[in-house]
K.L.:
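Sharing a structure here in structure tokens format.
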Number of protein chains: 2
Amino acid sequence: MTDYIQLLKSCNLKATPQRISVLKALDGQTHPTIDELFEQIRLEHPAISLATVYKNLNTLKDEGLVVEINTPTGKMRYDVFYMPHIHVVCANCGNIEDMPCDIAFDKYQKDIEEKVGRSIKRIEVLATVDSCSCC
Amino acid sequence: MTDYIQLLKSCNLKATPQRISVLKALDGQTHPTIDELFEQIRLEHPAISLATVYKNLNTLKDEGLVVEINTPTGKMRYDVFYMPHIHVVCANCGNIEDMPCDIAFDKYQKDIEEKVGRSIKRIEVLATVDSCSCC
DNA sequence: CTATTTGCAAACCCTTTGCAAAAAT
DNA sequence: ATTTTTGCAAAGGGTTTGCAAATAG
């Protein structure tokens with residue numbers, strides 16, 4: 001289990017209960033939509049506002065702790081991004097599956113960096129498939 | 001120059017002047033936003049409606065001829081996708097640079113397909129960089 | 001002639017913003 | 001004590017929709 005207070009402190013962010021809840025909820029669900037997150041967080045914080053969740057997600061995004069994934073269904077999904085990985089997105093239902101990065105991938109990233117001539121902050125691979133286990 | 005009418009016919013889409021204009025505009029600009037497209041198209045079609053442009057982009061997206069790219073600035077950008085390639089997205093200004101796919105990439109896609117156990121419809125690589133030539 | 005597409009305006013939905021009160025450090 | 005964060009409600013912005021008229025095949 002992650003020490004959320006420590007994590008936030010290291011980013012110079014105040015460790016409010018709401019913010020900790022957002023982090024917890026992100027850790028507890030895989031690629032949640034905002035509604036899924038909101039619902040989850042409200043179990044702990046019935047009075048939290050949707051705006052607060054959005055604000056915190058943006059703050060965490062700025063710190064690079066969270067990434068937004070735009071799905072083919074138009075719904076944004078959120079992901080904690082401690083470890084780089086590949087997103088396999090279903091074109092049909094918007095479901096997302098993670099795939100760990102392997103050595104081949106790291107090498108590939110280096111290739112791209114060389115070509116671009118600039119260091120890459122984050123590399124995101126979206127593999128779109130026509131259907132998934134849930135559709 | 002592409003034969004747009006032929007292209008559309010092969011997709012069972014009616015070749016309206018508006019639709020052809022959308023294709024032309026997509027070919028003429030790199031990764032335009034909807035506004036850039038709209039402005040361009042209106043040079044030829046002053047009376048075209050924004051809704052028509054959106055509808056056509058969605059239709060072309062369904063055919064796989066166009067991809068949407070979600071930029072860090074929140075503005076969606078559009079791209080003709082005849083040939084797979086990599087998008088290098090600037091986290092700062094949302095500018096996008098193309099990078100051609102090479103053999104290493106194709107091999108990488110095959111690796112992913114094998115792991116996912118499903119054939120990949122489209123693979124999109126977003127490499128995020130901190131700044132670009134224009135910022 | 002039939003099916004699709006257009007254009008308009010309104011509706012929609014998700015996300016952001018402004019501001020005063022509350023809370024964290 | 002200072003700065004950040006919260007919550008509310010309202011505003012914002014981009015995208016979609018419904019429908020009648022126009023157009024493509």
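Note on naming: letters A, B, ... go to the chains in the order of the sequence lines (proteins, then strands), and numbering restarts at 1 for each one. All figures in this text were calculated on a predicted structure; none of them were measured in a lab.
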K.L.:
Quick one: list whatever passes salt bridge (charged side-chain N to carboxylate O under 4.0 Å, His left out) with B:E36, sequence neighbours left out.
P.N.:
B:R77
K.L.:
Could you state the atom-to-atom distance from CD1 of B:I34 to C1' of D:dT16 in whole Å?
P.N.:
12 Å
K.L.:
Return the minimal non-hydrogen interatomic distance between A:I5 and A:A15, and the atom names on each side.
P.N.:
CG2-CB, 4.1 Å
K.L.:
Roughly, in whole Å, what's the span from CG in B:L57 to P in C:dT6?
P.N.:
11 Å
K.L.:
Testing the basics here: between A:L37 and A:P32, what is the closest heavy-atom pair and its distance to 0.1 Å?
P.N.:
CG-CG, 3.6 Å
K.L.:
Who pairs with A:T16 by side chain to side chain donor-acceptor pair (under 3.5 Å), at least two apart in sequence or on another chain?
P.N.:
none
K.L.:
In this structure, how many angstroms lie between the P atom of D:dT4 and the CD atom of A:E63, rounded?
P.N.:
13 Å
K.L.:
Looking only at side-chain N and O atoms, does A:N58 come under 4.0 Å of OP1 or OP2 in C:dT15?
P.N.:
no
K.L.:
Might you point out which heavy atoms bring B:I48 and B:F38 nearest each other, and give the distance in Å?
P.N.:
O-CE1, 3.6 Å
K.L.:
Using side chain to side chain donor-acceptor pair (under 3.5 Å) as the criterion, list what pairs up with A:N58, not counting sequence neighbours.
P.N.:
A:K61
K.L.:
Which angle, to the nearest 10 degrees, lies between the helix axes at the two ends of the helix from C:dC1-D:dG25 to C:dT25-D:dA1, each defined by five pairs?
P.N.:
50°
K.L.:
What's the spacing between B:I20 CD1 and B:I41 CD1 if we round to 0.5 Å?
P.N.:
12.0 Å
K.L.:
For A:Q18 and C:dA23, what is the distance between atoms CD and P respectively, to the nearest whole Å?
P.N.:
9 Å
K.L.:
Applying side-chain hydrogen bond (donor to acceptor under 3.5 Å, both in side chains), run through A:Q18 and A:T52 and close with a yes or a no.
P.N.:
CA-CA 8 Å; A:Q18 292 91 334; A:T52 299; over 6 Å; no
K.L.:
Nearest of D:dT16, C:dT15, D:dT15 to any side-chain atom of B:L50?
P.N.:
D:dT15
K.L.:
Rounded off to whole Å, could you give me the CZ-to-C1' distance for the B:F38 and D:dT16 pair?
P.N.:
15 Å
K.L.:
Using whole Å, report how far OH of B:Y54 lies from C1' of D:dG13.
P.N.:
9 Å
K.L.:
Within less than 4.0 Å of OP1 or OP2 of D:dT6, is there a side-chain N or O belonging to A:N56?
P.N.:
yes
K.L.:
Does the protein touch nucleotides 18-25 of chain D at the base, only the backbone, or not at all? Give it as B, S and - per nucleotide, heavy atoms under 4.0 Å.
P.N.:
B-----BS
K.L.:
Rounded to whole angstrom units, what separation is found between the CD atom of B:E68 and the P atom of D:dG14?
P.N.:
14 Å
K.L.:
Quickly work out the A:L37 CG to C:dC14 P distance and round it to whole Å.
P.N.:
14 Å
K.L.:
Test of understanding: with salt bridge (charged side-chain N to carboxylate O under 4.0 Å, His left out), list the residues that count as partners of A:D35, not counting sequence neighbours.
P.N.:
A:K75
